[in-house]
Number of protein chains: 2
Amino acid sequence: MGIIRKTKAVTTVLQIFEEKNEAKSVVHLIELVKDKMNKTTVYRILDRLEQDGVIHSFNGKDGLKWYAKCEGCSANHHSDKHPHFQCTECDKVECLSIEINIPSIKNHKVESTDILLMGQCEVCCV
Amino acid sequence: MGIIRKTKAVTTVLQIFEEKNEAKSVVHLIELVKDKMNKTTVYRILDRLEQDGVIHSFNGKDGLKWYAKCEGCSANHHSDKHPHFQCTECDKVECLSIEINIPSIKNHKVESTDILLMGQCEVCCV
DNA sequence: TTGCAATTGCAACATAGTTGCATTAATTTT
DNA sequence: AAAATTAATGCAACTATGTTGCAATTGCAA
Ligand SMILES: [Mn+2]
Ligand SMILES: [Mn+2]
Ligand SMILES: [Zn+2]
Ligand SMILES: [Zn+2]
């Protein structure tokens, strides 16, 4: 089960995702709220928010865990699957709403995909 | 620069990749050779072999680092880019020789991709 | 052989993430 | 409104992957 009590810590974390629709690494999140709560709490809240379909997680280019807001997901229906883009210059991560076609692989059953595109973001492109 | 001296340790690691064309996680490799060399040595050898275009690395589903033999790469030309498949049941990883088409993204410059497909492998499919 | 630089082992470190347990605080019950 | 219940938190200790500095070893060329 996910979030049951709306504590101050939960509200703080939620606010971060609400106020700006941007992916955040756990490391960055911990840094952001380090005066307000323990890192263990951050990990646990993120866990529970993910279970509830409020946020989703994925791995960035260096293997770190990132989270971003879900759109149209719930505790029993995680539908918001998509590739991500990480800028090699500023490290920013974006959720991409593009569809990438995966060809079927002989004798294999592909159930999910983990796609990270890397390069230069809009800002760093120039 | 990569491998300069063909030491016993280098030979041991190379043999593992030669005898079976299969991706290996660093954790597994360290375990495999733990009586023969230090883990630091394993990390450093893998590093140098990658620089030489003998092997390539990528992240598995749990964020762990994996390595597999390269085909047709050299120190100054790493061409063997491809998606990977990891079985969710037996954890085995395969290099895929399929092409996945990445649509261009407005105002972004995609320079590389990191694609991991997950599901059931040939053995676990049944 | 000898000399030297590449390689290795080792211990200590860095960082991400997890766990157990006592304490605190939301929320429900009385 | 107070008490009871139990989810949530803080903290310290831990695990795991990966890195670094440095002294000792070893491959190889001269
Ligand atoms: Mn996303
Ligand atoms: Mn591969
Ligand atoms: Zn950027
Ligand atoms: Zn399998």
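Per chain, numbering begins at 1; letters A, B, ... match sequence-line order.
To the nearest angstrom, P of C:dT19 lies 15 Å from CG of A:N38. Between the CG atom of B:N59 and the P atom of D:dG18 there is a distance of 9 Å, given to the nearest Å. The interatomic distance linking B:M37 (CE) with D:dT25 (C1') rounds to 15 Å, in whole Å. Atom NZ in B:K8 sits about 15 Å away from atom C1' in D:dC28, given to the nearest Å. Between the C1' atom of C:dT15 and the OH atom of A:Y43 lies a distance of 9 Å, rounded to the nearest Å. Between the NZ atom of B:K6 and the C1' atom of D:dA29 there is a distance of 18 Å, rounded to whole Å. Between B:L29 atom CG and D:dG18 atom P the separation is 11 Å, expressed in whole Å. With rounding to whole Å, B:D62 atom CG is found 14 Å from D:dA16 atom P.
Across D:dT20, D:dT9, C:dT7, the shortest atom-to-atom separation from the side chain of A:A9 is found for D:dT9.
For B:K36 and B:K39, each mapped to the nucleotide of DNA chain C holding its nearest heavy atom, the one lying further toward the 5' end belongs to B:K36. Projected onto DNA chain D by closest heavy-atom contact, B:R44 and B:I4 fall at different nucleotides, the more 5' of which corresponds to B:R44. The nearest heavy atom of DNA chain D to A:V42 and to B:D47 marks one nucleotide each, and the one closer to the 5' end goes with A:V42.
Not one side-chain nitrogen or oxygen of A:R5 sits closer than 4.0 Å to the OP1 or OP2 atom of C:dT24. Contact check, A:T7 against D:dT9: a side-chain N or O comes under 4.0 Å of OP1 or OP2.
Ring pair B:H108/A:F85: centre-to-centre distance below 6.0 Å.
Within 4.0 Å of B:I45, counting heavy atoms only, lie sugar-phosphate atoms of the nucleic acid but no base atom. Within 4.0 Å (heavy atoms only), A:L64 reaches sugar-phosphate atoms of the nucleic acid but no base atom. Residue B:L46 is out of contact with every strand shown, counting any heavy-atom pair closer than 4.0 Å.
Aromatic ring pairs are classed by plane angle as parallel below 30°, tilted from 30° to 60° and perpendicular above 60°; the pair B:W66 and B:F58 is parallel.
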**OP:** Apply the test side chain to side chain donor-acceptor pair (under 3.5 Å) to residues A:D114 and A:S112: give CA-CA distance (whole Å), side-chain angles for both, the deciding distance (0.1 Å), then the verdict.
**Re:** CA-CA 7 Å; A:D114 220 334; A:S112 64; over 6 Å; no
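Between A:K61 and A:L116, the closest side-chain pair of non-hydrogen atoms falls below 4.5 Å.
The closest donor-acceptor contact from the side chain of B:D80 to the backbone of B:E71 lies under 3.5 Å.
Within 3.5 Å, no donor on the side chain of B:K65 pairs with an acceptor on the base of D:dG18, nor the reverse.
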